[in-house]
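Order of the sequence lines sets the chain letters (A, B, ...), proteins ahead of strands, with each chain counted from 1. Scope of the values below: all heavy atoms of this structure, side chains included, with no hydrogens, waters or symmetry mates.
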There are 4 protein chains.
Amino acid sequence: MATSATLTDSSPRPARRVGGEGSVTRAAILTAAEHVMRDEGYAAASTRRVAARAGLKPSLVHYYFPTTDDLLLALFEKGAAESDAGLEAALAAPDPLRALWAALTDTSRTALALEFMALANHRPGLRARIAEHSERMRARQVTLFDHALGERLAAEGACPAAGLSVVLAGIGRALIMEGALGVTGGHAEARAWVEAWLDKLAPAGAPRRD
Amino acid sequence: MATSATLTDSSPRPARRVGGEGSVTRAAILTAAEHVMRDEGYAAASTRRVAARAGLKPSLVHYYFPTTDDLLLALFEKGAAESDAGLEAALAAPDPLRALWAALTDTSRTALALEFMALANHRPGLRARIAEHSERMRARQVTLFDHALGERLAAEGACPAAGLSVVLAGIGRALIMEGALGVTGGHAEARAWVEAWLDKLAPAGAPRRD
Amino acid sequence: MATSATLTDSSPRPARRVGGEGSVTRAAILTAAEHVMRDEGYAAASTRRVAARAGLKPSLVHYYFPTTDDLLLALFEKGAAESDAGLEAALAAPDPLRALWAALTDTSRTALALEFMALANHRPGLRARIAEHSERMRARQVTLFDHALGERLAAEGACPAAGLSVVLAGIGRALIMEGALGVTGGHAEARAWVEAWLDKLAPAGAPRRD
Amino acid sequence: MATSATLTDSSPRPARRVGGEGSVTRAAILTAAEHVMRDEGYAAASTRRVAARAGLKPSLVHYYFPTTDDLLLALFEKGAAESDAGLEAALAAPDPLRALWAALTDTSRTALALEFMALANHRPGLRARIAEHSERMRARQVTLFDHALGERLAAEGACPAAGLSVVLAGIGRALIMEGALGVTGGHAEARAWVEAWLDKLAPAGAPRRD
DNA sequence: GATGAATGAGAATTCATTCAT
DNA sequence: AATGAATGAATTCTCATTCAT
C-alpha cells in the first residue's frame with residue numbers, strides 16, 4: 001500500500017546498528033526493553049535491566065546497541081512503525097473517524113508514547129525524532145479528516161482538521177494518563193461528548209463518502 | 001476566603017520531615033529540585049544534582065529529605081499548593097472560565113505536572129497522592145463550571161461540567177507537551193476553536209452571573 | 001551483700017558520662033540499644049537506630065553517650081552487672097551447681113554476650129573490659145566449685161575447678177549458639193550427659209555441704 | 001576417597017556468580033575478604049575495604065560478587081570446604097580422635113567460623129546455609145566417633161556420639177574465643193582434662209580398630 | 001538538659017562503556 | 001557474532017560527630 005509506505009519508509013535514520021537488523025536476538029532485546037520501560041519507567045531502561053529481562057548478557061545488548069541512545073531510538077522507531085500501521089489501518093477502516101478515536105484511546109501504545117515524551121526532555125537526539133514523528137502523524141490525520149469529513153469541516157463553527165487532530169489526541173491522552181493514575185472522574189462524560197460530537201460530524205450510518 | 005482555605009488546607013500529609021518545615025535551606029532544596037526536574041526530567045532529580053544546583057552538600061539534602069520519595073512528595077505538595085492557589089485565583093477572577101483556560105495552558109506549572117505523571121508510574125507512594133490531588137482539582141473545577149455557566153451547561157449539546165474539565169485539561173496539556181517538543185501543527189487552530197467555544201458558553205462581555 | 005559488692009564494684013571505669021547516671025532517659029537508651037543489638041546484631045547498634053528504637057532524637061543519644069564506644073561500654077557494664085547478679089544468686093541458691101548450669105544455658109543473657117565477644121574483635125577498648133569481666137566471672141565460679149564440691153574435685157579423674165568452669169561455659173554456649181542457628185543435633189544427649197555428670201559430682205539430694 | 005567426596009561435593013549451591021568461578025581475581029577477593037573479616041570483624045567486610053586489601057577497585061568486587069551476601073556466602077563456602085577437608089583428614093589420620101580435637105581447637109579456622117555465627121543473626125540467607133553445614137559436620141563427626149570408638153561409647157557413663165560432638169566442639173570453641181580475648185584462666189586444666197578423657201576413651205597406643 | 005543543623009566519610013549498588021579475545 | 005573482564009562515575013542512603021543555641 002502506497003500510503004503506508006510513504007509514512008513508514010520516510011524516517012530511516014536508523015540507530016548505528018551492529019547486529020543484523022533482522023536478528024532474533026535484536027528483536028528479543030527490543031521487546032524486553034519495551035516491557036521494562038512500560039513497567040518501570042524510562043529511567044529503568046538500562047542495559048543491565050533490559051539484558052536481564054531478555055535473559056541475555058549485558059554485553060550482548062551493547063553489541064547490538066552500542067549506546068543507550070541507540071537502543072532507545074530503535075525502540076521508538078519500532079513503536080512508531082506500529083503506531084503508523086495502526087493509523088493506516090484506521091484510514092482504511094470502514095469508519096475511519098471512530099477507528100482513529102479508538103486508536104487515540106488505546107492504552108497499550110500510549111503508555112509507551114508518554115514515556116518517550118518524558119524521555120525527550122533530556123535526550124535531545126530522541127526529541128527531534130519524536131517531534132518529527134508527531135508531526136507526520138498529525139499530517140496524516142489531517143489527510144484522514146479532510147478525506148472523511150470534507151466540507152463538513154468547512155462549515156461554520158467547525159474546527160479545522162489540524163485543530164481537530166490536536167483536540168482528539170489531547171482528550172484521548174488525558175483519558176489514558178488519568179486512567180493509569182486511577183482517576184476517572186468526568187471520563188465517561190468526556191468520552192460521551194466526544195462520541196456525540198463525532199456523530200454530528202460523521203453520522204455513524206454513512207461513514208465513508210467514497 | 002473560605003473556599004480557598006478548603007482546598008488548600010485539606011492536603012496536609014507532609015513528607016516525613018526531619019529539617020524544620022519553615023527552614024530556608026529546605027525551601028532552597030525544593031526550589032533546586034524543581035529546576036532540575038523541569039530542566040532535565042524526573043530521573044535527574046537525584047540527591048547529588050539537586051544539592052549541586054542548590055549549592056549545598058548532598059548529605060544536607062538527605063538531612064531534610066531522608067529518602068528520595070520524601071523529596072519528591074514534598075516537591076509535589078509544593079506544586080500542588082501553588083496549583084491550588086492558581087485555581088482559586090481563577091475562581092475569583094472577573095472571567096473565571098478564561099482564567100482557568102489560561103491556567104491550564106500555563107507552561108511553567110504544567111511541565112512539572114507532566115513529570116510527576118510519568119513518575120507516578122513507578123512511585124506508588126506518589127501515585128496515590130497525585131491521583132487524589134487530580135480529583136480534588138477536578139471537583140473544584142466542576143464547582144467553577146457550575147457556578148460560572150450554570151444552566152448553559154444543561155443546554156442541549158453541551159458537555160457536563162465534569163467532562164468539560166477533562167476536555168479542557170486534555171487539550172491544554174496537549175498544547176504544552178507538544179509545544180515542549182517543538183511540535184506546533186494545529187495548535188493555533190485548536191486554541192482558536194476552544195476559545196470560540198468558550199465564547200459561546202460564556203460571552204466575554206458578561207462573564208459573571210453574580 | 002559483701003560478695004556481690006566485691007564483684008560488682010571493682011570494675012568502675014565508667015563511660016565518660018554527661019547525662020546523669022540515674023536518668024530515666026539514659027536507661028531507656030540502654031534498653032533500646034540492648035534490643036537493637038540482640039535483634040539486629042552489634043553492627044546495627046548505631047546512634048540513629050538506637051534513638052529510633054527509643055523514640056528519641058539521635059542528638060539526645062549523643063548527649064548521654066558522646067561516642068559509640070561510650071554507649072557500647074555502658075551497655076556491656078549493664079549486662080555484666082546483671083550477669084554478676086545472676087552468678088551471685090546461683091552461689092546463694094540451695095543447689096548452686098545446677099543454678100550455675102541453668103545460668104550458663106540461659107538464652108536471654110548469653111545472646112548479648114556473644115555479640116560482645118564478636119564486637120571485642122574490633123573495639124579494643126571493649127576487649128580489655130570484656131576480658132577482665134570474663135576472668136572475674138571465672139574466678140568467682142572457681143570459688144563456687146571449691147565451695148560446693150570441695151574434696152570431690154580433688155578426687156582422681158576429676159577436673160580442677162577452673163577447668164570445670166571453662167568446660168561448662170563452653171558447652172552451655174555451644175547449646176545456645178547452635179540453638180539460635182536452629183541446629184539441635186546432639187543437644188539433648190550433651191545436656192543429659194552434663195547433668196548426669198553434675199549428679200555424680202554433687203548428688204541432687206545433698207547439694208550443700210554447709 | 002569416597003567418603004571425602006560425599007561430604008565435600010554435597011554442598012554446591014554456589015553464590016550467584018558473575019565472574020568466572022576459577023578466576024584468580026575472584027580468589028584474591030575471597031582471600032582479602034577472609035583477612036578483613038578475621039582481623040576487623042564481619043562488619044568490616046565491606047566492598048571498599050575488601051577491595052583495598054586486595055589492591056583492586058571496589059567496582060571489581062561487585063563485578064564478581066554482585067551483592068555483599070554473595071560475597072559472604074562464597075566466603076563461607078570456601079571456609080566450609082576447607083573445614084570439610086580438615087575433618088576428612090582427621091577421619092583418615094592414624095589417631096582420628098586426637099586429630100579431630102586438634103581441628104576443633106585450630107584457631108585459624110574457628111575464628112572465622114565465629115564471625116559467621118554472629119553474622120547468621122541478621123543474614124537469614126547465610127543462616128540456613130551455616131546451619132546446614134553445622135549439621136553435616138556433626139553427622140560426619142558422629143560417624144567418626146562410632147567408627148573410632150564403637151562399643152566403648154555404649155559403655156555405662158559414656159556420652160553418645162552426637163552429644164560428644166557438641167561437647168568437644170563447645171569446649172574447643174570456648175578455648176579459642178577466650179584465647180582471642182586474652183582470657184586463659186582454666187584453659188590448661190580444661191585442655192588436660194579433655195585429653196585425659198580422650199585417653200580413657202581411646203588409649204593412644206591403639207587408636208584404630210581397623 | 002536537650003535539640004536542630006550541618007558535614008565528611010563510607011556503604012551498597014547500578015550503570016554505561018571500553019577492550020581484548 | 002558474542003562474551004568476560006574491568007572501570008569510573010553516579011545514586012541512594014547511613015553514620016558518627018561537631019557545633020551553636
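The separation between L56(D) atom CG and dG8(F) atom P is 12 Å, rounded to whole Å. Separating the CG atom of L60(D) from the P atom of dC19(E) is a distance of 17 Å, rounded to the nearest angstrom. The separation between Y63(B) atom OH and dT12(F) atom C1' is 19 Å, rounded to whole Å. For the pair L72(C) CG and dA16(F) C1', the interatomic distance rounds to 12 Å; values are reported in whole Å. When rounded to the nearest whole Å, the span between CD1 of I29(D) and P of dA5(F) equals 11 Å. Between Y64(D) atom OH and dT13(E) atom P there is a gap of 19 Å when expressed in whole angstrom units. The nearest whole Å value for the distance from the CZ atom in R48(D) to the C1' atom in dG8(E) is 11 Å. Spacing between atom CG of D70(C) and atom C1' of dA16(F) amounts to 12 Å, rounded to whole angstrom units.
Of all heavy-atom pairs between A54(C) and A32(C), the closest is CB-CB, 3.6 Å.
Of the candidates dT17(F), dA2(E), dT14(E), the closest approach to any side-chain atom of H62(D) belongs to dT14(E). The side chain of T47(C) lies closest to dA16(F) when the candidates are dC15(E), dA16(F), dA6(F). Distance from the side chain of T25(B) is smallest to dA6(E) among dT17(E), dA6(E), dT17(F). The K57(B) side chain lies nearest to dT7(E) when the options are dA6(F), dT7(E), dA6(E). Across dC15(F), dA1(F), dA5(E), the shortest atom-to-atom separation from the side chain of R49(C) is found for dC15(F).
The closest donor-acceptor contact from the side chain of D39(B) to the backbone of V36(B) lies at 3.5 Å or more, if one exists at all.
The phosphate of dG10(E) has neither OP1 nor OP2 within less than 4.0 Å of any side-chain N or O from S46(D). Phosphate proximity of dT13(E) to T68(D): present, with a side-chain N or O under 4.0 Å from OP1 or OP2. Between T67(C) and dA16(F), a side-chain N or O to OP1/OP2 separation shorter than 4.0 Å is absent.
Counting non-hydrogen atoms of neighbouring residues, nucleotides and ligands closer than 6.0 angstrom, the NZ atom of K78(B) exceeds 12 such neighbours.
If you check every strand for non-hydrogen atoms under 4.0 Å, S59(C) touches a base.
Here the CG-CZ distance, from L126(C) to F116(C), works out to 6.5 Å after rounding to the nearest 0.5 Å. Note that CG of D69(B) and CZ of F76(B) are 13.0 Å apart. Values are rounded to the nearest 0.5 Å.
In summary, the aromatic rings of Y42(A) and H122(B) are positioned with their centroids too far apart to meet the 6.0 Å limit.
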Original post:
Reading DNA chain E 5' to 3', what string of ( ), [ ], | and . shows its pairs, if Watson-Crick and G-U wobble pairs count only when both distances fall under 3.5 Å?
Top reply: .||||||||||||||||||||

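Ion pairing of E115(D) with R38(D) is absent here, as no side-chain N (NZ or NE/NH1/NH2) approaches a carboxylate O to less than 4.0 Å.
Each of V61(D), L30(D), L60(D) was scored for a side chain to side chain contact (heavy atoms under 4.5 Å, CB included) with T25(D), with one residue passing: L60(D).
A distance of about 15 Å separates the C1' atoms of dG1(E) and dA20(F), rounded to the whole Å.
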